[in-house]
*Asks:* 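My questions will all concern the structure given below.
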Amino acid sequence: MTETTKTPAPDATPAPPAPHGLIPLPLAAARALLLGGGIATAASAFLAWTWTSEFPGDLTINGYPGGLQWLTFTAGLLTTLYALAAYGIRGLGWLLPARNNAPLVLTALGGFTVTWFTVIAISAELGGVVNLEPGGWIAAVASLLPVLGAFALPQEHAGDGTKEALKAYVAKPERITAPQAVAPWVQRAVITVVTIIGLGVFTYGIDTEYGELFVGYLFVVVFAIWALHTAGLLDRFSALVAANRSFTLAMGFAAAIAFPFTQTDDHYANIGVNILIFGTVALGLNIVVGLAGLLDLGYVAFLGVGAYTAALVSGSEFSTISGVHLPFWASALAGAAASLVFGVLIGAPTLRLRGDYLAIVTLGFGEIFRIAVNNMDGQSGPDVTNGPNGIPSIPDLNLFGFDFGQAHDIGGFTLGRFANYYLLMVLIMAIVVLVYTRAADSRIGRSWIAIREDETAATAMGINGFRVKLIAFALGAALAGLAGTVSAHVTYSVVPTPYQFAGSTPPNSAFLLAAVVLGGMGTVAGPLLGAALLYLLPEKLVFLQEKSLLAFGIALILLMRFRPEGIIANRRRQLEFHETGQLDVPKQTTLTDEPAVTKAGA
């Protein structure tokens with residue numbers, strides 16, 4: 001009898017499913033739609049979209065884009081470039097270091113969004129779709145084609161649900177191929193080019209002449225940056241910045257100095273100087289909120305203290321301190337010192353509180369300041385601030401013979417009054433950034449971070465929590481007061497109205513806190529970017545009228561839902577807000593146990 005050998009049963013584990021797209025199309029057809037749709041979207045910008053020039057931007061010309069059509073052209077060009085990179089065209093591989101399809105989806109969505117927004121805006125403002133020329137219909141269809149092609153591309157994702165599939169189409173892969181080593185001069189050349197492009201994009205956003213163009217600009221910029229993020233390009237640029245931190249900082253300030261030379265209208269320079277004032281105050285608040293973890297809801301009062309101090313000692317004929325006219329450096333120091341003193345006086349009795357109680361007390365201080373300066377008119381109280389009338393006619397600065405109130409010709413460029421103050425604020429911003437970075441990297445800065453993470457544990461390790469928090473409160477107040485001295489001269493007058501917790505326009509405490517949280521707490525660039533966005537949005541969305549705050553609130557909710565750590569987040573906060581596993585710590589095991597991990601408390 002022969003013994004039969006049993007063959008082992010094959011492995012019953014099913015093979016992983018092949019990648020597939022959300023839309024069932026052959027790969028060749030999907031790529032053709034993506035590339036052809038991108039080219040068609042860019043080309044449609046050269047057609048007339050409406051018959052009348054009543055819609056801003058004059059979209060009635062064949063052969064030359066106008067207004068929002070330039071944004072459609074840009075988005076179509078980006079879609080085409082990424083489609084060619086996906087085809088493996090030599091010289092474009094650097095656009096897709098992650099080798100994924102998410103950037104193609106996002107660039108296609110950017111073109112679709114700005115085009116359809118324009119078509120809908122034309123129909124809504126002019127009274128129906130009958131106001132669309134054939135070019136408008138062609139653009140709407142052309143921008144839809146790359147979206148269909150992008151979602152038909154195969155995409156690996158976990159699970160079979162639509163939600164998981166959609167998330168895979170707009171997410172960055174966990175692992176990205178390491179870049180090749182390049183020479184230091186190449187790294188600095190890349191940083192220089194990116195800085196020039198960033199200056200151009202920012203200048204275009206400020207120069208937008210009407211709200212519809214600004215909204216379209218936001219659509220294109222958001223989807224483009226999102227695409228660069230998912231492609232892994234932002235990670236690679238961050239590595240370049242980390243390796244050339246000093247050079248990057250110098251290029252950033254060079255771009256800031258170059259901004260007023262790109263402007264022909266002093267109104268946009270006015271927007272720029274107010275953004276810098278707002279950003280300086282937000283950076284001071286970032287010390288209190290982002291580094292020390294103290295929720296301050298009355299921070300705008302310190303800006304008001306600096307502004308009123310400068311107004312009183314700068315020689316205004318309406319100042320209640322007659323005969324006093326200090327030079328700018330003295331009034332700036334006086335404003336910063338007065339805010340610092342108020343910060344110590346307010347912080348000393350209140351910083352022993354924590355959490356919501358501290359927030360309520362600081363909110364009360366902000367309201368007390370506004371009510372006090374409103375009543376110091378000589379009737380309801382002492383005659384110090386002229387009450388609701390404030391202190392007008394603050395003279396322009398004259399520093400080393402340079403009159404900030406007069407236009408000056410420099411190298412063939414004419415710098416107006418606001419451009420002069422803008423350059424002054426760039427200098428002050430450089431000082432504030434230096435103070436912030438030095439303080440954050442110092443021993444006291446590490447103590448602030450320890451207090452923010454766990455005050456009880458930090459105190460147990462020997463940190464004097466009250467003294468550390470008081471230093472943060474005083475330093476943040478001094479920086480706000482320094483910005484307030486320039487603000488008083490820029491606006492010519494100081495009145496109590498702006499210094500409140502909430503309002504329709506910045507600066508107020510709610511907008512300052514939103515700028516820090518929106519931009520990214522604990523970073524330098526985050527509050528500056530948040531301040532720029534929050535100042536530009538009310539300025540540019542005037543066409544929405546009473547709905548502007550509603551649109552602004554919806555945008556904040558969406559951002560906090562999908563990017564809770566802020567636009568520019570430090571690494572630790574990003575790990576805390578997203579499940580990456582990098583904060584997991586090994587669990588104690590015996591020799592017979594399987595390896596395991598447990599989640600560390602954030």
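One is the number of the first residue; the rest follow in order along the sequence. On a predicted model such as this, the values are computed, not experimentally measured, just so you know.
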*Asks:* In the structure I gave you, are the side-chain heavy atoms of Arg467 and Ile471 within less than 4.5 Å of one another anywhere?
*Replies:* yes

*Asks:* Output all residues satisfying salt bridge (Lys or Arg N to Asp or Glu O under 4.0 Å) with Asp58, sequence neighbours left out; order by chain, then residue number.
*Replies:* none

*Asks:* Report yes if the side chains of Glu125 and Glu54 come closer than 4.5 Å at any heavy-atom pair, otherwise no.
*Replies:* no

*Asks:* Less than 4.5 Å apart, any side-chain heavy atom of Val281 and any of Val300?
*Replies:* no

*Asks:* Looking at Thr485 and Ala310, what are the two nearest heavy atoms and their distance?
*Replies:* CA-CB, 3.7 Å

*Asks:* If only atom types and distance count, is the side chain of Asn374 paired as donor or acceptor with the main-chain N or O of Arg370 below 3.5 Å?
*Replies:* no

*Asks:* Taking Thr280 for its side chain and Met429 for its backbone only, find out whether a donor-acceptor pair lies under 3.5 Å.
*Replies:* no

*Asks:* So how far is it from Leu297 CG to Thr362 OG1, rounded to the nearest 0.5 Å?
*Replies:* 4.5 Å

*Asks:* Nearest 0.5 Å please: distance from the OG atom of Ser493 over to the CD1 atom of Ile391.
*Replies:* 9.5 Å

*Asks:* Could you go through Asn375 and Thr385, starting from their C-alpha distance and side-chain angles, then the distance that decides it, and tell me whether this counts as side chain to side chain contact (heavy atoms under 4.5 Å, CB included)?
*Replies:* CA-CA 8 Å; Asn375 289 333; Thr385 64; over 6 Å; no

*Asks:* Mark yes when over 12 heavy atoms from residues, nucleotides or ligands other than Phe253 sit less than 6.0 Å from its CZ; otherwise mark no.
*Replies:* yes

*Asks:* Determine the minimum heavy-atom distance between Val524 and Leu283, stating which atoms define it.
*Replies:* O-CD1, 3.7 Å

*Asks:* Do the side chain of Ser487 and the main chain of Ala483 share a donor and acceptor less than 3.5 angstrom apart?
*Replies:* no

*Asks:* Please give me the minimum heavy-atom distance between Gly366 and Ala301, naming the atom from each residue.
*Replies:* CA-CB, 4.1 Å

*Asks:* Any side-chain heavy atom of Val495 within less than 4.5 Å of one from Asn389?
*Replies:* no

*Asks:* Compute whether any side-chain donor of one residue and acceptor of the other, for Tyr492 and Asp396, lie under 3.5 angstrom apart.
*Replies:* yes

*Asks:* Name the atoms and distances for all side-chain donor-acceptor pairs under 3.5 Å in residues 190-206, with sequence neighbours left out.
*Replies:*
| residue | atom | partner | partner atom | Å |
| --- | --- | --- | --- | --- |
| Thr192 | OG1 | Arg188 | O | 2.8 |
| Thr195 | OG1 | Ile191 | O | 2.7 |
| Thr203 | OG1 | Leu199 | O | 2.7 |

*Asks:* How many angstroms lie between atom CG of Leu340 and atom CG of Leu479, to the nearest 0.5 angstrom?
*Replies:* 9.5 Å

*Asks:* Of the non-hydrogen atoms in Ala332 and Leu482, which two are nearest, and what is the gap between them?
*Replies:* CB-CD1, 3.9 Å

*Asks:* Checking the side chain of Ser339 only, and the main-chain atoms of Ala336 only, is there a donor and an acceptor separated by less than 3.5 Å?
*Replies:* no

*Asks:* Is it the case that the side chain of Thr208 and the backbone of Tyr210 share a donor-acceptor pair, with hydrogens and angles ignored and the cut-off at 3.5 Å?
*Replies:* no

*Asks:* Do the non-hydrogen side-chain atoms of Pro56 and Glu212 ever get within less than 4.5 Å of each other?
*Replies:* yes

*Asks:* I'd like to know whether Leu513 forms a side chain to side chain contact (heavy atoms under 4.5 Å, CB included) with Leu295, so could you lay out the CA-CA distance, the side-chain angles of the two residues, the decisive distance to 0.1 Å, and finally the verdict.
*Replies:* CA-CA 9 Å; Leu513 186 60; Leu295 185 55; 3.8 Å; yes

*Asks:* Quick one, Val221 and Tyr217 - any side-chain contact, counting heavy atoms below 4.5 Å?
*Replies:* yes

*Asks:* Between Tyr308 and Tyr499, how do the two ring planes meet: parallel, tilted or perpendicular, split at 30° and 60°?
*Replies:* tilted

*Asks:* Quick check with a 6.0 Å cut-off and a 45 degree axis cone: is Arg352 positioned over the face of Phe466's six-membered ring?
*Replies:* yes

*Asks:* Indicate yes or no for a side-chain donor-acceptor contact from Asn244 to the backbone of Gln187 under 3.5 Å, with no hydrogens or angles considered.
*Replies:* no

*Asks:* Apply side chain to side chain contact (heavy atoms under 4.5 Å, CB included) to the pair Val289 and Leu294, showing each step before the final yes or no.
*Replies:* CA-CA 5 Å; Val289 177; Leu294 306 173; 6.0 Å; no

*Asks:* Is there a side chain to side chain contact (heavy atoms under 4.5 Å, CB included) between Leu536 and Phe214 once you walk through the steps?
*Replies:* CA-CA 9 Å; Leu536 281 176; Phe214 181 73; 4.0 Å; yes

*Asks:* If only atom types and distance count, is the side chain of Trp448 paired as donor or acceptor with the main-chain N or O of Ile287 below 3.5 Å?
*Replies:* no

*Asks:* How about Phe473 and Phe302: are their ring centroids closer than 6.0 Å?
*Replies:* yes

*Asks:* Please examine the side chains of Phe404 and Phe328, heavy atoms only from C-beta on, and report whether any two atoms are closer than 4.5 Å.
*Replies:* no

*Asks:* Can you classify the ring geometry of Tyr422 versus Phe259 as parallel (below 30°), tilted (30 to 60°) or perpendicular (above 60°)?
*Replies:* tilted

*Asks:* Do His325 and Val313 have side chains that get closer than 4.5 Å, going by heavy atoms?
*Replies:* no

*Asks:* Does Asn286 reach the main-chain N or O of Thr523 with its side chain, forming a donor-acceptor pair under 3.5 Å?
*Replies:* yes

*Asks:* Just how far is it from atom CG of Leu358 to atom CG of Leu363, taken to the nearest 0.5 Å?
*Replies:* 11.0 Å

*Asks:* Say whether Ser314 and His489, considering side chains only, have a donor N or O and an acceptor N or O under 3.5 Å apart.
*Replies:* yes

*Asks:* Roughly how far, to the nearest 0.5 Å, is OH of Tyr421 from OG1 of Thr491?
*Replies:* 9.5 Å

*Asks:* Ignoring hydrogens and angles, tell me if any N or O in the side chain of Asn386 forms a donor-acceptor pair with the backbone of Phe318 under 3.5 Å.
*Replies:* yes

*Asks:* Distance check, rounded to the nearest 0.5 Å: Thr320 atom OG1 versus Leu312 atom CG?
*Replies:* 5.0 Å

*Asks:* Looking at every non-hydrogen atom in both residues, tell me the closest pair between Gly216 and Leu71 and how far apart they are.
*Replies:* C-CD1, 3.4 Å

*Asks:* With a sphere of 6.0 Å drawn around OH of Tyr436, does it hold more than 12 non-hydrogen atoms of other residues, nucleotides or ligands?
*Replies:* yes

*Asks:* Using modelled atom types and a 3.5 Å cut-off, is there a donor and acceptor pairing between side-chain atoms of Thr309 and backbone atoms of Val305?
*Replies:* yes

*Asks:* Can you name the nearest heavy-atom pair linking Ser393 to Ser316, along with the distance?
*Replies:* O-OG, 3.5 Å

*Asks:* Quick one: ring pair (Phe, Tyr, Trp, His ring centres under 6.0 Å) partners of Phe369, sequence neighbours excluded?
*Replies:* none

